[in-house]
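What follows is a set of notes on a single structure, which appears directly below.
A quick note: this is a predicted structure, and the numbers were derived from the prediction, not measured. Side-chain atoms are counted along with the backbone in the values below, which use heavy atoms only and exclude waters and symmetry mates. All ligand and atom numbering here is 1-based and tracks the order in the structure.
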Amino acid sequence: MNIIDIIEKKKYGSALEGKEIDYFVQGYSKGEIPDYQISALLMAIWCRGMNKEETAELTLSMVRSGKTIDLSKIKGIKVDKHSSGGVADTVSLPLVALVAANGVPVAKMSGRGLGHTGGTIDKLESIPGFKVEIPIDEFINIVNKVGGAIVAQSSELVIADKKMYALRDVTGTVDSIPLIASSIMSKKIASGADAIVLDVKVGKGAFMKKLNDARKLAKTMVEIGDSVGRETVAYITDMNQPLGDAIGNSIEVEEAVNVLNGKGGKRLVEVIKTLGGEMLYLGGKAKSSAEGKKMIENAIENGSGLKKFKEIIAAQGGNPEITEDFSLLPQPKFRIPVKAEEDGYIKEMETEEIGKLAAFLGAGRMKKGDKINLAVGIMLPKKVGDFVKKGEDIATILSDDREKGKEAAKELLKLIKFSKNPAKPLPLIYYKISKEGEEKLFNE
Ligand code: URA
Ligand code: CA
């Protein structure tokens, strides 16, 4: 076999065989095939696509490129969750606590933010003392003792994804359904969960801008999961505007605590309850996802989710007092209000650009390895459909640099579109996709 023939074959649109896929995945992971040939192949895949069998073969070959985690020492059905990436997507922190509080163990491996999207691991690092790099045995012990833990994904897992993702990032080949599906699912399969709940984002702030593409991506991932015996359920949720009110790191931890205190924003809380309800169902603790949703709601109301969050923080070396005193989290030097320049309804938000603006302030990274500032970001409590009065505060810029902050405040106003006529609020949850098929959950 040789790599040039494989590139040519995909270039002309033929399906690759399992052994050809394995040849390039293992060859690239071991450093035997150079970046330039894999770049050409990735572009051919971007243009020609991959069928269901090829995508499944690609995923499993990627899993074999690194170590895999054995979670069998954790009792019960382990359910993992993954978001395809968004802005103000403060779901995982409260979700892990609320699911664990209901008795389903969550051994979660998360990533860092990249580009306009935030990452759970960065957010957690704003908690003083919190350790995200924990040896696997200790990670398992914490889950057994406390019920949940969130750590950074080990660098030994899915070597192929690490190399291919970095290459895709610089070759314009990120937004390909088979490449995204195999990237996400290989990591979920390698990290050992029995069942997987996926939050596939769609819209202006997501990788998938169109609903039909998001449906296809979700369906592809559900099929991959089921083909390897890991029941997978996907929800397609809106990312046409930031999901929560906070875009940053410390401020997203604050928002997570607010959710657990029953003070979270409606849309963010609804996504958490929906995904959590599904996790409790797949984890065998609820008779239906609707019953699971009720249980998540109860864990917010009775405080057991917050209690669990504190236990997880303490078990991972962090200071649980941050949940009572936010001043213990990194704080910005400047808070700059952004005022509406006219009366009107919020009609649209350029969500990806808003995420990039938070990164410009230092909250995110434009390339891998960039250092981030945990204190800065954007508070944007308004949503599409809201009416605002001229002079009213619509957002706050948190910055350590006054000039940069002022520039961001001006820029943010350009990213929010107003209208004199009432604007409809955006739908939130579009579809549920599982092995039973597709369920539509919104009105057009
Ligand atoms: N998230 C991933 O983990 N991989 C992708 O390819 C895109 C989003
Ligand atoms: Ca975020």
Side-chain angles (χ1 to χ4, degrees), residues 25 28-29 38-39 41-43 45-46 49-50 54-56 58-63 65-66 69 80-87 89 91-92 108-123 150-155 157-193 196-210 213-222 224-225 230 232 234-237 239 243 275 351-352 355-356 359 364-368:
V25 172
Y28 185 52
S29 304
I38 300 300
S39 301
L41 180 57
L42 289 169
M43 186 54 85
I45 294 171
W46 190 95
M50 278 184 147
E54 288 177 285
T55 310
L58 174 60
T59 307
L60 290 177
S61 180
M62 289 171 73
V63 171
S65 73
I69 307 267
D80 203 351
K81 169 262 176 185
H82 187 86
S83 156
S84 65
V87 180
D89 188 22
V91 171
S92 286
K108 182 142 180 47
M109 294 202 157
S110 289
R112 295 186 183 277
L114 188 63
H116 68 283
T117 69
T120 299
I121 290 304
D122 295 323
K123 297 170 201 175
I150 311 177
V151 298
Q153 192 190 288
S154 151
S155 58
L157 256 57
V158 203
I159 306 290
D161 182 61
K162 239 150 259 128
K163 295 192 71 174
M164 286 189 349
Y165 199 104
L167 199 56
R168 285 164 60 206
D169 208 31
V170 293
T171 55
T173 51
V174 169
D175 55 340
S176 145
I177 290 172
L179 295 179
I180 297 176
S182 55
S183 165
I184 292 177
M185 291 305 288
S186 61
K187 286 176 283 196
K188 293 293 109 183
I189 293 165
S191 47
I196 301 157
V197 175
L198 298 168
D199 183 2
V200 177
K201 306 288 188 188
V202 67
K204 287 169 171 292
F207 285 115
M208 295 291 117
K209 310 286 183 210
K210 296 197 196 102
D213 289 339
R215 285 162 77 185
K216 221 164 129 193
L217 174 63
K219 191 160 174 277
T220 304
M221 294 195 287
V222 167
I224 294 170
R230 318 279 177 105
T232 302
Y235 284 85
I236 298 179
T237 69
M239 197 32 81
L243 178 60
L275 299 177
T351 309
E352 181 166 341
K356 284 183 185 159
R365 48 180 77 76
M366 292 324 288
K367 60 178 197 305
K368 227 169 140 174

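Looking at residues two or more places apart in sequence or on another chain, you find a side-chain contact (heavy atoms from CB on, under 4.5 Å) between A160 and V25, S29, M62, S65. Scored by the side-chain contact (heavy atoms from CB on, under 4.5 Å) test, K162 finds Q153, K368 as partners (sequence neighbours excluded). Applying the side-chain contact (heavy atoms from CB on, under 4.5 Å) test to T120 and every residue at least two apart in sequence or in another chain returns S92, L93, S110, L124, I150.
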Ligand-protein N/O pairs under 3.5 Å (ligand 1):
{"from": "ligand 1", "atom 1": "3 (O)", "to": "K187", "atom 2": "NZ", "distance (Å)": "2.5"}
{"from": "ligand 1", "atom 1": "4 (N)", "to": "S183", "atom 2": "OG", "distance (Å)": "2.6"}
{"from": "ligand 1", "atom 1": "6 (O)", "to": "R168", "atom 2": "NH1", "distance (Å)": "3.0"}
{"from": "ligand 1", "atom 1": "6 (O)", "to": "R168", "atom 2": "NH2", "distance (Å)": "2.9"}
{"from": "ligand 1", "atom 1": "6 (O)", "to": "S183", "atom 2": "OG", "distance (Å)": "3.4"}

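When the shell of 6.0 Å around NZ of K209 is examined, it contains more than 12 heavy atoms from other residues, nucleotides or ligands.
Annotation for G205 and V87: closest pair O-CG2, 4.4 Å, computed over non-hydrogen atoms.
Judged purely by distance below 3.5 Å, without hydrogens or angles, the side chains of S83 and D89 pair a donor atom with an acceptor atom.
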